[in-house]
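Reviewing the structure listed below.
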2 protein chains.
Amino acid sequence: MAKKRTSITDIANQLGISVSTVSRALGGHSAISDATTKRVVALAKALGYQPNNLAAGLRRGRSKMLGVIVPHIDGNFFSQVVKGIEAAASKAGYHVLICQSNEDVAHERENLETLMNAQVEGILVSLARTTREFQHFEDVRKRDVPLVFFDRILEGYDVSAVVLDDRAGGYRATRHLLDQGYRRIAHFGGPQHLNIYKYRRQGYEDALREQNIPVVEELTIISDMKMEDGAAGMKQLLALPQPPDAVFSASDFSVVGALEVLKERGVRVPQDMGLVGFSNELFSRLTEPKLTSIDQHCELMGTAATRLLLQIMEEQDQHFTPRHVVLQPDLFVRASSLRQAP
Amino acid sequence: MAKKRTSITDIANQLGISVSTVSRALGGHSAISDATTKRVVALAKALGYQPNNLAAGLRRGRSKMLGVIVPHIDGNFFSQVVKGIEAAASKAGYHVLICQSNEDVAHERENLETLMNAQVEGILVSLARTTREFQHFEDVRKRDVPLVFFDRILEGYDVSAVVLDDRAGGYRATRHLLDQGYRRIAHFGGPQHLNIYKYRRQGYEDALREQNIPVVEELTIISDMKMEDGAAGMKQLLALPQPPDAVFSASDFSVVGALEVLKERGVRVPQDMGLVGFSNELFSRLTEPKLTSIDQHCELMGTAATRLLLQIMEEQDQHFTPRHVVLQPDLFVRASSLRQAP
DNA sequence: ATACCTTATGCAAACGTTTGCGTAAACCGA
DNA sequence: TCGGTTTACGCAAACGTTTGCATAAGGTAT
C-alpha cells in the first residue's frame, strides 16, 4: 500500500488556498506575496513534497529528458562520452535516458521508438556498426525531435553532428611516423562505410602522398579492429615479401594484438617496427613499450554534443541547416613510435 | 513551430469513436471488436501515432522508469554494470535514468531528489566514496520507493543489495599466492569504511591465518588505490628491512603502479615478487607480465541488481526484510603470480 | 412479449501540474 | 467620491492517458 505522495493540492487544502497559488509560490512567481510564499514553502518542506515531473512535463509539453543511443555503453570511449553527456545535461536541468543498440540497426530503430514514447526533447546518437540507411532517423525528424549525431555518422546524410577530425588524426599519426624516419608504413582500418575509419585512412594516405610515398594496396588491412584482427593483420604483413617498418592503426586494440605477435617473433618495437594507435585507451600507457596514440577527447565530445543539441532545441524555429562541430585530436607520443631521440 | 503530435484523441475523432475505445483497442483489450481494433491500429500507424508515456505514467501512477546512481559512469567496472542494468531493465520494459554522484555525497543526495521527482519506480545505487551516513536513503524509503544497492554498500545499514563475495575474493587471491610458495605477502587496501575493501582485506588476513602466517601491520597499506598510490606503496614496501615477496592488491590500478616501480628497480615479477590484483580490468591482460586478477562479473552484477529491484517492486506489500544476492568472484591466473609451473 | 445476459462502446473522472483570464481588495491621485 | 492602477489570488481548462461505470444493441431463453 504505497503511501500517497503529497501533492500540490494537499498543500493548497491544508493552507486553505488554491492550487494555482501554491504552484506559483513554489515556482517563485512574482505575483505572490512574500507571506504566502513563505507559508507554502514551509509546509512543502514539512510534508516532504516532491514535484511530479511527469505531470509538469505533460502540462508543459516539456519532459526535460534527453535520449542517448550508443552502440554499447561499456568500453572506454562511449562510457566517457556518456559521462560528458550526463554532466552537461544535468547541468542544464535535463535527465538522460540511455539506450544501447548493441551495434544492431534493428535495436537502434526500437530505441528511437521508445525514446520518442518517453517524450524526450532531443536525441543524441552514435550509429550502430550495421546501420547503412537512415529511414528511421527521417521518421524522427518528421516528428520534429531534434537530433544530434556524434562520432559515428552516416556518409551522405546531412545532419547536425559532433565529430572528431579523423582525417587530421590519421594525418598526424602518419606524419609523426614519417618524421621518425619510417618509410614503409602500413595501415589497419575499420569498416569503410563508417566515417571515422574512412577519414582516418584518408589522413594516412594524404600524409604519404605529401611525401611522395606511394600508397600500396597490400599495406592496408581492413578488419573489425579487435585484438585478434590486429594479430592476424600483423602476421599477414610480416609474410609480405617486403614487410612494412611501421603501422598506423585506426584502433588501439588491434595494435595490442599486433604487438603480441611482434614480441613472439622477436621484432623490436620501435626499432624494427613503429606503432601508432588510435583512441588513447587507458591501456596504451600500460603496454611494453607504451603506445603512441591519438586522443579523441571523449568526454569533451559528449559535452559538446549535448550543448549543440540544447542549442538546436532552443531555436526549434529554423533547424533547416544542420550544424557541425569538429573536434581536433591530439597525438600522444610514447615509446612505440620513438625511433629517434625526441 | 513544433507539429502537434497525433494523440489518441485525433484517432478517435477521425474515426468517429470515443477515446476510451481507441485506448482499449491499442491496449489489446478484449471487449473491443476485431473490426474496430483493426481500424484503430491501421489509422494509428498511418498517422504515425506515438503513445505519450508521460500521460500514461501520470494516470497509472507508474512511470516505467528506474533510477541509477553510480559514482561515475566511465571506467571498466561501472560502465559494465550499467550495461547489465540497461539490458535487464529494457527487457522488462523499463527505461533507465542515470546519475553520477562523482564520489560526492552531496551530489548523491541531489541525485536522489531528482530521481524521485522524475517519478522513478525504483532506484539502484552504488555509494559514493564519501558517503558515511544514510539519512538521505531513509528519506527515500519513507516515500516507499524501492531501493537496491550494489557493490558498494554501507556497513551496518540493512538494505537489499547485490554484492560480490569480496572476502572470498581476497581469500582466493591470497591463497593462490600462498600456493605458489610466497610467504611474506603484503596487501594494498582501499578506504576501510567501504564494505568491498574491508572484506577483501579480511579475506587476505583469513588466508594468512589459516596457514599460521602472522598478519604484520606494516605490510598492509591503505590508500585510494590509484596508480600513483600503488607506486608509492611499493616504494614504501621495498624500503622495509624485510620487504614482502608478493602483494595482493584490492585494485588492478595500484598493481600497475607497483609494477612500474618494480621494473625500474629491477625486481623480477613473478620470481622475486608475485602480484595479484582485483577487478580483472581490461588492461590486466596487456601488461608485461600479465596480471593475475579477481573477476567481479560486472555485467552480471548489473542484471542481478535490476532483477532484484524489479522483484521487490512487484511485492511492494511486504518489503520489510531486505534481500541479498552474493556473487562469487573468479580468479584469473596469469603470469604475474606464477612462480611455479601450473 | 418479457426478462436477462452478452457484447461493444461511450461518458466522465482522475492523475498532478501549469497558466490565461478574471476579479476582489487596496491604494492612489484628483 | 470616483475612475484607474496595482497587488494578490482563485477559477477552470488543458496536457494525453486510463478505467469504473453506465448503456445501447443484439441475442437468447422463457
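In this text, all values refer to a predicted model and were calculated from it rather than measured experimentally. Letters A, B, ... mirror the listed sequences (proteins, then strands); counts begin at 1.
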Practice prompt. List for me each residue that meets side-chain contact (heavy atoms from CB on, under 4.5 Å) alongside A/Ala12, sequence neighbours excluded, and say none if there are none.
Written response: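 Partners of A/Ala12 under the side-chain contact (heavy atoms from CB on, under 4.5 Å) test: A/Val19, A/Val22.
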Item to complete: Could I get the full list of side-chain contact (heavy atoms from CB on, under 4.5 Å) partners for A/Ser160, not counting sequence neighbours?
Response: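 If we apply the side-chain contact (heavy atoms from CB on, under 4.5 Å) test to A/Ser160, skipping adjacent residues, the hits are A/Val148, A/Leu308, A/Ile312, A/Pro322, A/Arg323.
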Worksheet entry | Interface with DNA chain D, restricted to residues 28-40 of chain A and to heavy atoms under 4.0 Å |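 A/Ala31, A/Ile32, A/Ser33, A/Thr36 - these, ordered by number, are the residues of the stretch whose heavy atoms sit under 4.0 Å from the strand.
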Worksheet entry | Nucleic acid contacts of residues 44-59 of chain A, taken as heavy-atom distances under 4.0 Å to DNA chain D |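 Listed by number, they are A/Leu58, A/Arg59.
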Discussion item. Suppose we screen for ring pair (Phe, Tyr, Trp, His ring centres under 6.0 Å). Which residues come up paired with A/Phe137, at least two apart in sequence or across chains?
Written reply: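 Scan of A/Phe137 (ring pair (Phe, Tyr, Trp, His ring centres under 6.0 Å), adjacent residues dropped) gives A/Phe149.
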Discussion item. Quick test of your reading of the model: are B/Glu108 and B/Arg132 salt-bridged, counting only N-O distances below 4.0 Å?
Written reply: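 No salt bridge links B/Glu108 with B/Arg132.
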Worksheet entry | Salt bridge present between A/Glu133 and A/Arg109 (N-O < 4.0 angstrom) |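 A/Arg109 and A/Glu133: salt-bridged.
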Interface polar pairs with nucleotides 10-12 of chain D, N/O, under 3.5 angstrom:
{"unit_1": "D/dG10", "atom_1": "OP1", "unit_2": "A/Ser18", "atom_2": "N", "d": "3.3"}
{"unit_1": "D/dG10", "atom_1": "OP2", "unit_2": "A/Ser18", "atom_2": "N", "d": "2.9"}
{"unit_1": "D/dG10", "atom_1": "OP2", "unit_2": "A/Ser18", "atom_2": "OG", "d": "2.9"}
{"unit_1": "D/dG10", "atom_1": "OP2", "unit_2": "A/Thr21", "atom_2": "OG1", "d": "2.2"}
{"unit_1": "D/dG10", "atom_1": "O6", "unit_2": "A/Arg24", "atom_2": "NH2", "d": "2.5"}
{"unit_1": "D/dC11", "atom_1": "N4", "unit_2": "A/Ser20", "atom_2": "OG", "d": "2.9"}

Item to complete: Please list all pairs passing the ring pair (Phe, Tyr, Trp, His ring centres under 6.0 Å) test where one or both residues lie in residues 111-136 of chain B, with sequence neighbours left out.
Response: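 Residue pairs passing ring pair (Phe, Tyr, Trp, His ring centres under 6.0 Å), neighbours aside: B/Phe134-B/Tyr157.
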Discussion item. According to ring pair (Phe, Tyr, Trp, His ring centres under 6.0 Å), does anything in residues 74-128 of chain A pair up with another residue at least two apart or in another chain? List the pairs.
Written reply: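 Listed by first then second residue: A/His72-A/Phe78.
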Worksheet item: Mind checking which nucleotides bracket the chain A contacts on DNA chain C, 5' to 3', with an atom under 4.0 Å from a heavy atom?
Response: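 Span of nucleotides near chain A: C/dG16 to C/dG20.
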Fill in: Contacts of type side-chain hydrogen bond (donor to acceptor under 3.5 Å, both in side chains), residue B/Thr303, not counting sequence neighbours
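With sequence neighbours excluded, B/Thr303 shows a side-chain hydrogen bond (donor to acceptor under 3.5 Å, both in side chains) to no residue whatsoever.
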Practice prompt. Using the side chain to side chain donor-acceptor pair (under 3.5 Å) rule, collect all pairs that involve residues 41-50 of chain A, keeping only residues at least two apart or in two chains.
Written response: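 Non-adjacent pairs meeting side chain to side chain donor-acceptor pair (under 3.5 Å): zero.
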If only atom types and distance count, is the side chain of [X] paired as donor or acceptor with the main-chain N or O of [Y] below 3.5 Å?
{"X": "A/Asn13", "Y": "A/Asp10", "answer": "no"}
{"X": "B/Ser79", "Y": "A/Ser79", "answer": "no"}
{"X": "A/His193", "Y": "A/Thr130", "answer": "no"}

Worksheet entry | Between the first and last five pairs of the helix from C/dA1-D/dT30 to C/dA30-D/dT1, the angle of the axes, rounded to 10 degrees |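 If I round to tens, the end axes sit 50° apart.
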Fill in: Residue pair B/Gln135 / B/Asp139, side-chain donor-acceptor N/O under 3.5 Å
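Side chains of B/Gln135 and B/Asp139: pair found under 3.5 Å.
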Worksheet item: Checking side chain to side chain contact (heavy atoms under 4.5 Å, CB included) against B/Ile73, which of B/Val81, B/Val68, B/Ile98 comes through?
Response: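 That would be B/Ile98; it is the only one of B/Val81, B/Val68, B/Ile98 passing the side chain to side chain contact (heavy atoms under 4.5 Å, CB included) with B/Ile73.
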Item to complete: Kindly indicate, with the supporting measurements, whether the criterion side-chain contact (heavy atoms from CB on, under 4.5 Å) is fulfilled by B/Arg5 and A/Val145.
Response: CA-CA 11 Å; B/Arg5 305 256 246 278; A/Val145 178; 4.1 Å; yes
Practice prompt. Could you check whether A/Ser23 gets within reach of a base, just the sugar-phosphate, or nothing at all, counting any heavy atom under 4.0 Å?
Written response: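 It contacts base atoms.
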